[in-house]
Every structure is written in C-alpha cells, then in structure tokens.
Peer 1: 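Right, I'll just put the structure down here and ask away after.
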Amino acid sequence: MLPPIDTIIENFEIVEDDDMRLEYLIELGRALPPMPESLRSEANRVHGCESQVWIETAAEGSGAERHLRLQGFSDSFIVRGFVALMVAFYTGKTPREAAETDGLDLFRQLRFGSHVTSKRSNGVRAMAERIHRDATRLAAEA
C-alpha cells in the first residue's frame, strides 16, 4: 500500500543520497497496488513513455464529494515508482483540483530533474499530461 503523498514528500526530503532516493522510488513502485490485467488496455496506455505505462483515472462519489481514484502500472521498476508518485499525488483530489494541478511540480519539488534521463522525463511529462486531460474531462462531466 502506498503511503500518503505528504509522507512520501517528507521521506524524499530527508534522503539526500541519490542511490537511496532511487531505491526509495523503486520501493514505492513495489508498493503500488496491482493493476488488473484488464485495465492494461490501449485506452489506458500512456503514449510518450519509453517503457510501457498504463494509468486509469476514474472519479468516485457524486457531486462535491467526487474524487479521483488512479491505478497504474509500468513494466520498468523505476518508471513504476514514478507511476506510484502520480497515483499517490492525484488520488483523492477532486477532478477540478487535479485539472488545476501540475504533476511536474511534484517532480521538481522532489528534485528529480537532474537525475532523470530525458526519456524518463518525457515519460513523466506524458503521464502528467494524460492525468490532466482525464481530470479535465471528468471535471466537465460533473
């Protein structure tokens, strides 16, 4: 089970060693709840990632109580950690909050910019853009 995003941020802030930060990222990927094989469909596939990535964004509840529930998976251990960060970051937000939130700010805050290859950085950007589009669509449906 993934820890709350505030706990994840606190943990990254106290870990200075790049290797330990990478290890923690991989741990987060391992803690990501399993995504059913049936949701690893072309409709949920995130294009723009070098690794295979799937993210399913759904809204639960109704009216003002409506909030996002994300599920995700990647075939890469490191990228699965990035997926876990996105799932922890966006799950529980209202669709409107998520549509107004830039997931890339989280990666900047966690200081991943200089330690992530350009291909992985493009993948993270693709994930953030995909979630933003899904959240915008879900907000409009409310």
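Numbers for residues simply follow the sequence, beginning at 1. Because the structure is predicted, anything quoted here is derived from the model rather than measured.
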Peer 1: Distance check, rounded to the nearest 0.5 Å: Ser76 atom OG versus Gln52 atom CD?
Peer 2: 11.0 Å

Peer 1: Measuring from atom CD1 of Ile131 to atom CD of Glu129, what distance do you get when rounded to the nearest 0.5 angstrom?
Peer 2: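 If we round to the nearest 0.5 Å, Ile131:CD1 and Glu129:CD are 11.0 Å apart.
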
Peer 1: Taking all non-hydrogen atoms of both residues into account, name the closest pair between Asp75 and Ser51 and its distance.
Peer 2: OD1-CB, 3.4 Å

Peer 1: Is the shortest heavy-atom distance from the side chain of Glu16 to the side chain of Arg111 under 4.5 Å?
Peer 2: yes

Peer 1: Please report the C-alpha distance between Gln109 and Ile9 in whole Å, then the side-chain angles of each, then the deciding distance to 0.1 Å, and finally whether the side chain to side chain contact (heavy atoms under 4.5 Å, CB included) criterion is met.
Peer 2: CA-CA 8 Å; Gln109 179 183 353; Ile9 291 169; 3.4 Å; yes

Peer 1: Are any side-chain N or O atoms of Asn44 and backbone N or O atoms of Leu39, one a donor and one an acceptor, separated by less than 3.5 Å?
Peer 2: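 Yes, because the side chain of Asn44 sits within donor-acceptor range (under 3.5 Å) of the backbone of Leu39.
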
Peer 1: Which pair of heavy atoms, one from Gln71 and one from Met35, lies closest together, and at what distance?
Peer 2: O-CE, 3.8 Å

Peer 1: Show the nearest heavy-atom pair for residues Tyr24 and Pro3, with the distance to one decimal.
Peer 2: OH-CG, 4.2 Å

Peer 1: Would a 4.5 Å heavy-atom cut-off, applied to side chains only, mark Glu65 and Glu60 as touching?
Peer 2: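 No, every pair of side-chain atoms sits at 4.5 Å or beyond.
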
Peer 1: Could you pull out all residues at least two apart from Asp102 that satisfy salt bridge (Lys or Arg N to Asp or Glu O under 4.0 Å)?
Peer 2: Arg108

Peer 1: Do Ile26 and Val124 belong together in a cluster built from hydrophobic side chains that touch within less than 4.5 Å?
Peer 2: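 In one cluster: yes.
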
Peer 1: Do the side chain of Thr91 and the main chain of Leu70 share a donor and acceptor less than 3.5 angstrom apart?
Peer 2: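 Confirmed, Thr91 side chain pairs with Leu70 backbone.
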
Peer 1: Mind checking whether Phe77 and Val15 sit in one hydrophobic cluster, side chains of I, L, V, M, F, W, Y counted as touching below 4.5 Å?
Peer 2: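 As far as the 4.5 Å side-chain criterion goes, Val15 and Phe77 are not connected within one cluster.
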
Peer 1: Quick one: pull up CG in Leu28 and CG in Asn11 and give me the separation to the nearest 0.5 Å.
Peer 2: 8.0 Å

Peer 1: Find out if a path of hydrophobic residues (ILVMFWY) with successive side-chain heavy-atom gaps under 4.5 Å connects Ile55 to Leu138.
Peer 2: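 Yes, same cluster.
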
Peer 1: Say you draw a straight line from CD1 of Ile5 to NZ of Lys93; how long is it, rounded to the nearest 0.5 Å?
Peer 2: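 Answer rounded to 0.5 Å: 8.0 Å.
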
Peer 1: What's the shortest heavy-atom distance between Ala126 and Cys49, and which atoms?
Peer 2: CB-SG, 4.3 Å

Peer 1: In terms of side-chain geometry, is the basic nitrogen of Glu100 or Arg96 positioned less than 4.0 Å from the acidic oxygen of its partner?
Peer 2: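 Looking at Glu100 and Arg96, the cut-off is not met.
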
Peer 1: Using every non-hydrogen atom in the two residues, find where Leu32 and Ala84 come nearest and quote the distance to one decimal.
Peer 2: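 Shortest heavy-atom separation between Leu32 and Ala84 comes out as CD1-CA, 3.7 Å.
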
Peer 1: For the side chain of Thr94 and the backbone of Arg66, is there at least one donor-acceptor N/O pair under 3.5 Å apart?
Peer 2: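 No; zero donor-acceptor contacts below 3.5 Å.
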
Peer 1: If you measure from CE on Met20 to CD on Glu27, what distance do you get to the nearest 0.5 Å?
Peer 2: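 Met20 CE to Glu27 CD: 9.5 Å, rounded to 0.5 Å.
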
Peer 1: Looking only at heavy atoms, what is the nearest atom pair of His132 and Ala98, with distance?
Peer 2: CD2-O, 4.4 Å

Peer 1: Name all residues meeting the salt bridge (Lys or Arg N to Asp or Glu O under 4.0 Å) criterion together with Glu37; count only those two or more places apart in sequence or in a different chain, and write none if there are none.
Peer 2: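 Glu37 satisfies salt bridge (Lys or Arg N to Asp or Glu O under 4.0 Å) with Arg40 only.
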
Peer 1: Taking salt bridge (Lys or Arg N to Asp or Glu O under 4.0 Å) as the test, write out the residues that go with Arg45, two or more places apart.
Peer 2: Glu42

Peer 1: Return yes if some donor-acceptor pair links the side-chain N/O of Tyr90 with the main-chain N/O of Thr57 below 3.5 Å, else return no.
Peer 2: no

Peer 1: Between Ile8 and Phe89, is there shared hydrophobic-cluster membership here, with clusters defined by ILVMFWY side-chain heavy atoms closer than 4.5 Å?
Peer 2: yes

Peer 1: Would Val83 and Phe73 show up in the same hydrophobic cluster when neighbours are defined by side-chain heavy atoms closer than 4.5 Å?
Peer 2: no

Peer 1: Just do the side chain to side chain contact (heavy atoms under 4.5 Å, CB included) check on Arg133 and Arg130 with the steps written out, would you?
Peer 2: CA-CA 5 Å; Arg133 276 195 314 272; Arg130 167 62 184 275; 3.7 Å; yes

Peer 1: Are Phe107 and Leu85 close enough, and set up right, to give a side chain to side chain contact (heavy atoms under 4.5 Å, CB included), and what steps lead you there?
Peer 2: CA-CA 9 Å; Phe107 289 88; Leu85 286 174; 3.7 Å; yes

